[in-house]
Amino acid sequence: MRASKNRSQNFKTYEIHISGAEGIYEEAEILKIVKGYTKRALDHPRGKPDKIVITIEEIKQKLNKIQPLPVTTLRCKSPDEAKKIIFQTLSDIGVSKKGINNSFKVLNSQKTMRGAALILEESGIRMEPDRKRGVRVSRLGIEETAKKALAWKLSKMRINTTTVKEALILASKVTSHPDVTAEICISDDPDYTTGYIATKNLGYLRIPNIKKHGEKHGGRVFIIKEDANIDRLIHYLEKIPVIVSGVRFD
Ligand code: WAQ
Ligand code: MG
């Protein structure tokens, strides 16, 4: 699903991204899911969309199964502290200063994208073919048994929400690709102030107060290997169906 709004300014019209969502579901669930996605688009805190597009495609390929990343919530009191945590974590795994600074430029920009930016870990160069749109991860989901186990596990941590579950599934798919070093995410919803950083080894690290309440900026950056094969990576993120199966009990 993608929802957007046209805004006119200085005799030009811009399409503003309001909300997006994607998943892999059984046929019997389609009507319920379409209703839920429509409601989400219509009630969105970023504003009222004037266009909602819902695409339903049959998946014919075999699903790739992955494990979800382990979840940790870090202590963080302010956006400044969040910046320090992110800087430290990424420097420790070898991401250059330039790569980190360029990532923050994307995440703090008022021009929010529909997808994610791809940034090379050493040179900091942006690689996504369409810089306004970014790369939108799709064809991702969770198996029924894993879904129940995850809900139980997140309930104990008091974070069993759709937002957390969808972000965890997305981060698990993204970091399952060997060319992805890390993902950084800030919600573009003005009332959602917890973000995260994820890597295959460190897992999904939630960062409270990554932005101030009311701010509309946000985005996602995938920091990738300097020699990553961009076309193949984008194909994996957009097209290869990946499903979370099994939940860790650590
Ligand atoms: N693929 C690529 N980029 C995406 C996708 C996707 N499927 N979905 C969203 N983005 C990008 C896009 O630029 C959005 O503007 C930005 O991410 C933020 O999206 O554990 O709600 O859906 O409590 O607002 C983090 C949860 C929630 C943290 C993130 O993101 C936690 C969230 P939003
Ligand atoms: Mg959002």
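Only heavy atoms go into these numbers, but all of them, side chains included; no hydrogens, no water, no symmetry mates. Remember, it's a predicted structure, so these values are computed and weren't measured experimentally. Each ligand, and each atom within it, is numbered from 1 in the order the structure gives.
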So is [X] polar-close to ligand 1, meaning N/O to N/O under 3.5 Å?
X      : result
Ser187 : yes
Met113 : yes
Arg220 : yes

Just to be sure I read this right, does ligand 1 sit under 4.0 Å from the backbone of [X], its side chain, both, or neither, counting only heavy atoms?
X      : result
Val135 : backbone
Cys185 : side chain
Leu170 : side chain
Arg114 : backbone

Cation-pi, Tyr192 ring and Lys211 (6.0 angstrom, 45 degrees):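 Not flagged: Lys211 not positioned over aromatic ring of Tyr192.
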
State the atoms of ligand 1, each with its element, that fall below the 4.0 Å cut-off from a heavy-atom position in [X].
X      : answer
Val164 : 20 (O), 23 (O), 31 (C)
Ile186 : 18 (C)
Glu22  : 7 (N)

Let me know which of [options] forms a side chain to side chain contact (heavy atoms under 4.5 Å, CB included) with [X].
X      : options                        : answer
Leu74  : Thr194, Leu205, Thr89          : Leu205
Arg133 : His17, Arg114, Glu128          : Arg114
Val180 : Leu118, Ile224, Thr199, Ile223 : Ile224

Between [X] and [Y], is any side-chain donor less than 3.5 angstrom from a side-chain acceptor?
X      : Y      : value
Lys225 : Thr181 : yes
Tyr204 : Thr175 : no
Arg220 : Tyr196 : yes
Arg40  : Thr162 : no
Ser123 : Glu226 : yes

In the protein, what heavy atom is nearest to [atom], and what distance, to one decimal place, separates them?
atom                    : result
atom 33 (P) of ligand 1 : Asp188 OD1, 3.9 Å
atom 1 (N) of ligand 1  : Val137 N, 2.8 Å
atom 23 (O) of ligand 1 : Tyr192 OH, 2.6 Å
atom 26 (C) of ligand 1 : Tyr204 OH, 3.5 Å

Within-shell test, Thr73 vs ligand 1, heavy atom, strictly < 4.0 Å: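 Distance cut 4.0 Å: Thr73 fails for ligand 1.
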
Whether Gly219 lies under 4.0 Å from ligand 1, heavy atom: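 It does; at least one heavy atom falls under 4.0 Å.
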
Name the option, out of [options], that contains the heavy atom nearest to [atom].
atom                    : options                       : answer
atom 31 (C) of ligand 1 : Arg133, Arg206, Lys173        : Arg206
atom 27 (C) of ligand 1 : Leu140, Thr163, Thr193, Val71 : Thr163
atom 13 (O) of ligand 1 : Gly115, Gly23, Ala117         : Gly115

Ile56, CD1: over 12 other non-hydrogen atoms inside 6.0 angstrom: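 Count over threshold, so yes.
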
Greater than 12 external heavy atoms within 6.0 Å of Lys98's NZ: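 Not more than 12 within 6.0 Å, no.
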
Angular separation of Asp189 OD1 and Asp188 OD1 about the Mg ion (ligand 2), given to 10°: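 With the Mg ion (ligand 2) as the vertex, OD1 (Asp189) and OD1 (Asp188) sit 80° apart.
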
Shortest non-hydrogen separation from Cys76 to Ala82 and the atoms involved: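 For Cys76 and Ala82, the tightest heavy-atom pair comes out as SG-N, 3.4 Å.
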
